[in-house]
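Just below is one structure, and these are the notes that go with it.
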Amino acid sequence: MKDQDLFDTTIPSFPSFSESRHSILCSELKQLYVAVTRTRQRLWICENTDVAEPIFDYWRKKFLVQDRQLDDSLAQAMQVASSPEEWRSRGIKLYHEHNYEMATMCFERACDTYWERMSKAAGLKAMADRMRISSPEEANSVLREAAEIFEAIGKADSAARCFSDLGEYERAGRIYLEKFGESELQRAGECFSLAGCYELAADVYARGSYFSECLNACSKRKIFDVGLEYIQHWKKHTTKEFGTSNRSHELEKIEQVFLESCAIHYHEIKDNRSMMTFVRAFNSIDSIRNFLRPLNCLDELLMLEEESGNFMEAANIAKLKGDTLLVVDLLEKAGKFKEAAKLILFYVLANSLWSPGNKGWPLKQFKQKGELLAKAKSFAEKDTNSFYEIVCSEADIIANEDCEVVKVMNQMIASRKHNSVRGEILSARKILDSHLSSEFTKYFWEEELVIDLMKHSEDMISKNQVSIDSLVYFWNFWKDKIGCIFEYLGRLDTQDVNEFRNYGEFCLNFLGVWREFNNLNPIYVLLHPEADWARDVQKRSSSGKLVSLDTHQFVSAGQSYWRSEMLSVGSMVLEKLKGLYNFPIQKCDVIFSKSRTLTLIYEVATFLLDSKFLKRSHHDSENLLKFVRLATKNIVGYIFPMDWRNSLRKNMIFQRGTDTSKNLLKQAIAESISSRNKLSYGQIGSIAMIILGSGKVSNEVYEKIVGGLDWNQSWKAFFESSFRARGSDFREDFVSPRTGEKPSEASVVWSFREALAETYNVNWRAVSHYISPRCFLYLVERLLIWTSSFKGYFVSTKSLFVEWLMFHEEHTSAPPVSSSVGGSQASALEFLSRVIPEFLYNERGTTDWIRKSTSNVMEHYSLLVSRLVVLTCLLYVNFGSCIDLLVSLLKMNHITGQLTREFCFALNRITKGYSPPINLNLIAEAVKKIDNPLVIASKSSVGAAAAAAVEASSEGNQPLKASESDCESPPKVSQASTAASESPSFGVTSQNTKSKK
C-alpha cells in the first residue's frame, strides 16, 4: 500500500489482528466477500457512519467504487431494464423447470406471444392435472382452454393429448390425422377407436397397414362386411405384388381370426346366411370344417362339401344329422303306427318350442307342422279309438291355431278325461296366456267371494270371459302341475319316479329330449342341442347333431328351466294383478274388487317367495317383496275403511274371514315391526287396529311388538296385558301395572284407555308418523264397545258389532272381568266424553290432522263427524250420559252440515225432555237412516254372541223400553228385525234367543 501511495499515515495505528478478538470482523469480512463475489452486475453498499470510511477510501483510490447520495437519481440509476432476450431466456429456463406462471410473465415481458401462449397452456394443463380429483368439471374446463391454446399455436401433439384426456377422442384423432398425416396414423386410429368411430378408425388403420387393429375396429363396430372388403382388397393386392405363396402367414392368421369371429357373431344371432358369407372366405377347406363341426352347422358344411365335390364327406355328415322325420318314415314302413304318431307329436312339440330362433313357450308355427300333425292323426286312426281321441286332442292343442278360449277349455276337459298330462298342461298354459293378454276392460269383476274356483273358472271361459279368480285358478292349476315335474326331476337320480312318471314324460317331450340307455346307464339325447334351456349345459358325446346329457346334467338343466319358467309366469301374473288393481274399475264393488285383488297378489307372491322348488336371486326376491309390500300397504285401508258401509258388506266380511286375508293382515303387522326397532304412533295404531279387528298373532310377533315399545310404556302395558289376558303364553309372569294381578278384562281396557289418552295428548303436529284419524277413531270405537260389554250386554251399531265379533271369534276364551270394572269403565267414559267433543269442536285441527293421511279431506271429515255423532249416541244409550253433548252438537251448523239430511232430521227429534226409551227409539231410527242399525248384543261365557238389530218403528207407536245402565238384561225393543242377518258373521234371532255363528 505504501508503494502505491494508498496508506494514510494520519490514521492512528490499530492493534494487530487476533482471530479470537476479531471474530465478528471475520464474519463481516466473509459476508462482504460473498456480496462482492456473487454480484452479477452492480453492488450497492449503503452506510450512514464513518466507521467504514477507510475501506471506502481504499476502494475509491483503486477506482472500484463511486459515491452517490441517496435520492431519486440514485433510485433511477438502480433500475436496470432487462432486454427482451434476457426475459425470454429466463422464461425458457422457468418453463423447463415447470414454473409456468412465472415463465408466462417472462415471455409477456419479452413480447414473445408464441412462448407466452405455450407457457400459459402448459400451466393450465398442469393446473387441470392437479384439480382432476378434487374438481373434475372445473379441471375439464381448464384443460379444454389449454387444448384450444395448443391447437391455436400449432402444438398439435399437445393439443391432441389434451383433447384425448378430455375424452374428446374424435377431435384428437382428427388433429393427428390432419396435422401429422401418415406419421401418426396409429395414434389417430387409437383415438377414433376410443371415440367409437370404428369405421373411421378402420380406414385409418388400413391406410397405415395396421391389419390387426383395422379388423379389431371392424369387429367392435360390427361392420363385418367392411372388414371382409379390406381382407379381399389385401388378398388381391398382395397376390399381385408378391404372389400367393409370399403372403404373410401372420396376415393370414389375423384374417382368419377376424373371419371366424364374424361368423361366430352371426351364428350366435341365428343368422346362418350371413355367417356363411364369412365362412366361404376362410383360407382353406380344413379351416371351414374345423369351424363348422364344433358348432354343429352340419347343413352348411354339407352344402359346402357338396359344392366342392366332396360327396363322401357330405354323405358322412348326413348320417350325423339325426333326421327324426326319416325315423318316422321308417316306423311307418315297419307298421309301428302308434310309435310313429307319438314321435310326430314329440317332434312337432319340440320344434314348436325349440327350433332355431325359438326360446320356448309359446308354441310357434313352422313349415309342415300342419301336415305332420295330420299324418300323426292318420297313424293314430290305425290304432285304438281311445288312442286316436288322445292324439287328435293333443294335436289340436299343439297346432296352436287361432281359436277361441272356449275351445281350449274343451280341449283341457278332454285331456283331463283321458289323463293326458301333456294336454292338460299345454291347454292350461294357453288359457293362462289368454288371461294375461286380455285387456283390463275385458275382465269381469265378481261381487261375491268365489267358493268353487274350478266351476267359476270354467263358467267364465264358457262365456268367453275372464276374471281375477279365473286368472289365479289357472295359475294355480298350471303351477301345481309344474310342481309335479319338479317332484319327478328330484327323484330321477333314485329312479323312484313311478308316481310322477306321466309328468316326467311330459317334461322330456316338452324339452325335446328322449331317453336312451348306454350300458344300462340312461342318457338324454337332445333333439335341439342349441335349445335355450340347454344353452349353458356342458354337452357331451357329440355325434354330429346327436348330443346328450347325463342324468345329473339333465336334472340340473331341467330344474333350472322350470324354475325360470315358474318365476317368469308368476311374475307376469303378479304384474297383471297389479295392473288390474291400479285400473279404474267401474260398475262394480270397487272396495271388494280391490281388496280381493290385493289378497290374490299376496297369495301368488308369497308362494313364489316360499316355494321349495325355486331358487330366487336377490333381485327376484326384492321384486316379489315389492308385491307383498303393495298388498300389505293398501289392504288395511280396505279392511278398515272410514266409511262403515264398506265394512258391512257381506262380501267384505267373507273376504276378511279367509285365511289369505288374515295372513295378509298379519304380514302387514310384520312389515311394521320389521322396518325399525322403535315403533311410531302410526305403526302402533295400525298394529292395534289389525289385532283388534282380525285376531291373534304369534308369540314371536308379540315379542317384536313389545320390543319396539320400550319408549312408550302405556302401549307396551296394553299389548302385554292384552296378549296375556287372551290366553297367550307370552310373558306368563306379567301382572297388571295398575292392580298388581294377572290381567283381567277390566285391566286390559284400563291400559287401552291409558294408551289412547297418552297418544291423544301428544302434539301430533310435532310428531312424524303420527296415528291417522281413521285408525284412532277405530280404536276409540273399540274402547267404547269394550267398555260397554262389561254389563253382559251392550247396544252397538251393526258395523261396530261386526268388528267386535271378528275379534271374539279368534278369542273364544275371555279373561275374567275382575272387581275393578267400575274404575276402568269410569276412566274410559271420562276419556270418551272428553275426546269426542274436542274432535268435533276443533274443526280446523281435525281437518289438518286428516290432511296428514289423505288428500280427500272433506269426505273423510264428513264420515268422521258422522261416526263421532254415532259414538255420542252410543254413550247415551249404553250409559245414559252425553245427552247434553248430543243436543248441543245438533245445534252446530258445522256439525250438522256434515251429516246426511235424513240422519240429521231424525236426530233433531231427540230432546232432553224425552224419557230414555223414547230417545233410544229415536236414535235407532236415526242410525238406520245411515245404513248402520243398532244391535243389542249379549256375551256368553264362551264368547258367543246373540244379537238383534234394533230399528225404530216407522210409525213410532210404541217407545223402546230400556233399563238403567247397570241393568243385567238387555232393554226391550219396540220392533226387532233381522236386518243384521245380512252379515254372514253372526246369526240373528229374537232378542231373548242366543245363537252362535
Side-chain angles (χ1 to χ4, degrees), residues 169-170 173-174 176-177 182 184-310 313-314 317 356-357 530:
Y169 301 112
E170 183 177 359
R174 293 194 180 279
Y176 282 125
L177 186 63
E182 302 295 321
E184 293 292 351
L185 289 175
Q186 185 174 13
R187 294 176 70 177
E190 291 172 357
C191 290
F192 289 134
S193 293
L194 291 171
C197 302
Y198 296 110
E199 193 164 359
L200 184 56
D203 180 64
V204 171
Y205 282 134
R207 284 171 54 185
S209 298
Y210 298 107
F211 304 116
S212 178
E213 290 84 353
C214 173
L215 296 179
N216 283 338
C218 293
S219 295
K220 290 179 180 178
R221 184 65 178 86
K222 291 184 172 52
I223 46 174
F224 304 125
D225 293 335
V226 174
L228 181 60
E229 291 177 4
Y230 283 128
I231 291 175
Q232 292 170 344
H233 175 78
W234 295 334
K235 283 183 178 180
K236 179 179 179 181
H237 285 274
T238 53
T239 301
K240 284 183 178 180
E241 295 177 11
F242 307 107
T244 305
S245 60
N246 291 329
R247 288 193 81 229
S248 168
H249 175 71
E250 185 65 27
L251 177 57
E252 290 184 352
K253 183 178 179 181
I254 291 170
E255 293 171 350
Q256 184 65 23
V257 169
F258 171 76
L259 292 170
E260 289 184 3
S261 68
C262 297
I264 288 174
H265 168 77
Y266 285 113
H267 172 73
E268 289 175 346
I269 63 174
K270 312 299 182 185
D271 186 356
N272 286 359
R273 176 177 295 181
S274 298
M275 177 189 74
M276 293 307 298
T277 300
F278 293 90
V279 171
R280 292 177 187 277
F282 284 9
N283 52 36
S284 68
I285 187 64
D286 287 336
S287 63
I288 293 175
R289 289 170 180 163
N290 293 335
F291 177 79
L292 291 177
R293 282 184 185 274
L295 297 177
N296 288 312
C297 297
L298 300 182
D299 290 331
E300 290 76 11
L301 183 57
L302 175 62
M303 177 183 64
L304 287 178
E305 296 286 7
E306 189 173 358
E307 289 177 356
S308 301
N310 302 322
E313 289 290 340
I317 294 168
E530 300 86 7

**OP:** Check side-chain hydrogen bond (donor to acceptor under 3.5 Å, both in side chains) between Asn272 and all other residues, then give those that pass, not counting sequence neighbours.
**Re:**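 Partners of Asn272 under the side-chain hydrogen bond (donor to acceptor under 3.5 Å, both in side chains) test: Glu300.
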**OP:** Would you list the pairs meeting salt bridge (charged side-chain N to carboxylate O under 4.0 Å, His left out) in which at least one residue belongs to residues 256-282, sequence neighbours left out?
**Re:** Arg280-Glu307
Nearest 0.5 Å, what's the [atom1]-[atom2] distance between [X] and [Y]?
X	Y	atom1	atom2	result
Tyr169	Glu190	OH	CD	11.5 Å
Leu295	Glu530	CG	CD	9.0 Å
Leu228	Glu255	CG	CD	10.0 Å
Cys214	Asp203	SG	CG	8.0 Å

**OP:** Go through Leu304 and Arg289 one step at a time and tell me if the side chain to side chain contact (heavy atoms under 4.5 Å, CB included) criterion holds.
**Re:** CA-CA 9 Å; Leu304 287 178; Arg289 289 170 180 163; over 6 Å; no
Please report the closest heavy-atom contact between [X] and [Y], naming both atoms and the distance.
X	Y	value
Ala217	Ala201	CB-CB, 4.2 Å
Asn283	Glu252	ND2-O, 4.1 Å
Glu199	Val226	OE2-CG2, 4.4 Å
Ser287	Gln256	CB-NE2, 3.7 Å

Just so I know, are the side chains of [X] and [Y] near enough to count as touching, which here means a heavy-atom distance under 4.5 Å?
X	Y	value
Phe258	Ile254	no
Val279	Leu259	no
Leu292	Met275	yes

Original post:
Hey, does the side chain of Tyr205 reach the backbone of Asn216 with a donor-acceptor pair shorter than 3.5 angstrom?
Top reply: no
Original post:
Any idea how Phe224 and His265 line up, ring-wise: parallel (<30°), tilted (30 to 60°), or perpendicular (>60°)?
Top reply: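 Tilted.
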**OP:** May I ask you to decide if the ring planes of Phe282 and Phe291 are parallel, tilted or perpendicular, using 30° and 60° as cut-offs?
**Re:** perpendicular
**OP:** Decide yes or no on side chain to side chain contact (heavy atoms under 4.5 Å, CB included) for Leu215 and Ile231, but give the supporting numbers first.
**Re:** CA-CA 9 Å; Leu215 296 179; Ile231 291 175; 4.1 Å; yes
